[in-house]
Visitor: 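Please read through the structure below; I'll follow up with questions.
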Amino acid sequence: MALNIEILKKTAIYSSISGAGLAIIALIPALMPVISLFLLPFLSGIIVLTALEKLNPNTLKTLDTKDITLLGGAAGSICCGSFLIIFAPFVLFLKLFIKTYYTYGIDFLNFFLASVLIISVMLIFFATNAVGGLLTSFLINSFNKN
């Protein structure tokens, strides 16, 4: 069965919610490297696809491997975009009140550099989460056979 708009909408909603949630959690300076260097690039697509399957059973079982791979990549890039859209303003807002808070270099970026950074990071996260979607697809297909 082909990929339909409803599955794409649900994936976009789940991944934007998880990206915003990870952005709020990443405001804790000790957790920010773990989230931005491990969870977002490698596991966000897998987490969103697993949540999609748990909340809406038999959704991914009807899709092909390439469709789930594309869903994993889309989930990862949307999660990254929502993370950056939520995280950057909160960091700058916290810097106004807490002078020793880390800004992670966000205050040095202009609009062009920020947009290039966001687009390039989203493309990298698309590729890595597409691999995660591929692994999720293989796991779902192997569980369906058993």
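Every heavy atom of this structure was used, including side-chain atoms; hydrogens, water molecules and symmetry mates were not.
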Visitor: Are Leu63 and Leu71 packed together at the side-chain level, in the sense that at least one heavy-atom pair is separated by less than 4.5 angstrom?
Guide: yes
Visitor: Just one of Leu134, Leu139, Ile140 clears the side-chain contact (heavy atoms from CB on, under 4.5 Å) bar with Thr136, so which one?
Guide: Ile140
Visitor: I need the full list of side-chain hydrogen bond (donor to acceptor under 3.5 Å, both in side chains) pairs touching residues 35-47, with sequence neighbours left out, sorted by first then second residue.
Guide: Ser44-Asn129
Visitor: Are Leu60 and Ile78 grouped together when hydrophobic residues (ILVMFWY) are joined by side-chain heavy atoms under 4.5 angstrom apart?
Guide: no
Visitor: Using every non-hydrogen atom in the two residues, find where Ala30 and Pro33 come nearest and quote the distance to one decimal.
Guide: O-CD, 3.8 Å
Visitor: Should Ile28 and Ile24 be counted in the same cluster of Ile, Leu, Val, Met, Phe, Trp and Tyr side chains packed under 4.5 Å apart?
Guide: yes
Visitor: For Phe97, enumerate each residue passing the ring pair (Phe, Tyr, Trp, His ring centres under 6.0 Å) test, keeping only those at least two apart in sequence or located in another chain.
Guide: Phe93
Visitor: Nearest 0.5 angstrom please: Leu39 CG to Ser18 OG, how far?
Guide: 10.0 Å
Visitor: Membership question, hydrophobic clusters at under 4.5 Å side-chain separation (ILVMFWY): are Val131 and Ile124 in the same one?
Guide: no
Visitor: Would the distance check show the side chain of Thr11 and the main-chain N or O of Ile7 forming a donor-acceptor pair, the cut-off being under 3.5 Å?
Guide: yes
Visitor: Supply the atom-to-atom distance Lys10 NZ to Asn4 CG, rounded to the nearest 0.5 angstrom.
Guide: 8.5 Å
Visitor: What closest approach, in Å, do Gly19 and Ser82 show between heavy atoms, and which atom pair accounts for it?
Guide: CA-OG, 3.3 Å
Visitor: Between Leu70 and Phe126, is there a side-chain heavy-atom distance shorter than 4.5 Å?
Guide: yes
Visitor: Per the side-chain contact (heavy atoms from CB on, under 4.5 Å) rule, which among Leu123, Thr128, Ile85, Val121 passes with Cys80?
Guide: Val121
Visitor: Hey, what do you get for CG (Leu22) to OG (Ser15), rounding to the nearest 0.5 Å?
Guide: 11.0 Å
Visitor: Using a cut-off of 6.0 Å, state whether more than 12 heavy atoms not belonging to Leu55 lie near its atom CG.
Guide: yes
Visitor: In the structure I gave you, are the side-chain heavy atoms of Leu52 and Asn56 within less than 4.5 Å of one another anywhere?
Guide: yes
Visitor: Mind checking the NZ-CG spacing from Lys61 to Asn58? Nearest 0.5 Å is all I need.
Guide: 4.5 Å
Visitor: Rounded to the nearest 0.5 Å, how far apart are CD1 of Ile5 and CG of Leu8?
Guide: 5.5 Å
Visitor: What about Ile25 and Phe42, same hydrophobic cluster or not, with Ile/Leu/Val/Met/Phe/Trp/Tyr joined at side-chain heavy-atom distances under 4.5 Å?
Guide: yes
Visitor: Please enumerate all residues that pass side-chain hydrogen bond (donor to acceptor under 3.5 Å, both in side chains) together with Lys66, with sequence neighbours excluded.
Guide: none
Visitor: Which heavy atom of Gly76 sits nearest a heavy atom of Phe125, and at what distance?
Guide: O-CB, 4.1 Å
Visitor: Are the side chains of Phe87 and Leu92 in contact, using a 4.5 Å heavy-atom criterion?
Guide: no
Visitor: State yes or no: do Leu31 and Phe83 share one hydrophobic cluster built from I, L, V, M, F, W and Y residues joined by side-chain heavy-atom distances below 4.5 Å, directly or via other members?
Guide: yes
Visitor: Taking the side chain as C-beta and beyond, is there a heavy-atom pair between Ile35 and Met32 under 4.5 Å?
Guide: no
Visitor: Roughly how far apart are Cys79 SG and Leu43 CG, rounded to 0.5 Å?
Guide: 10.5 Å
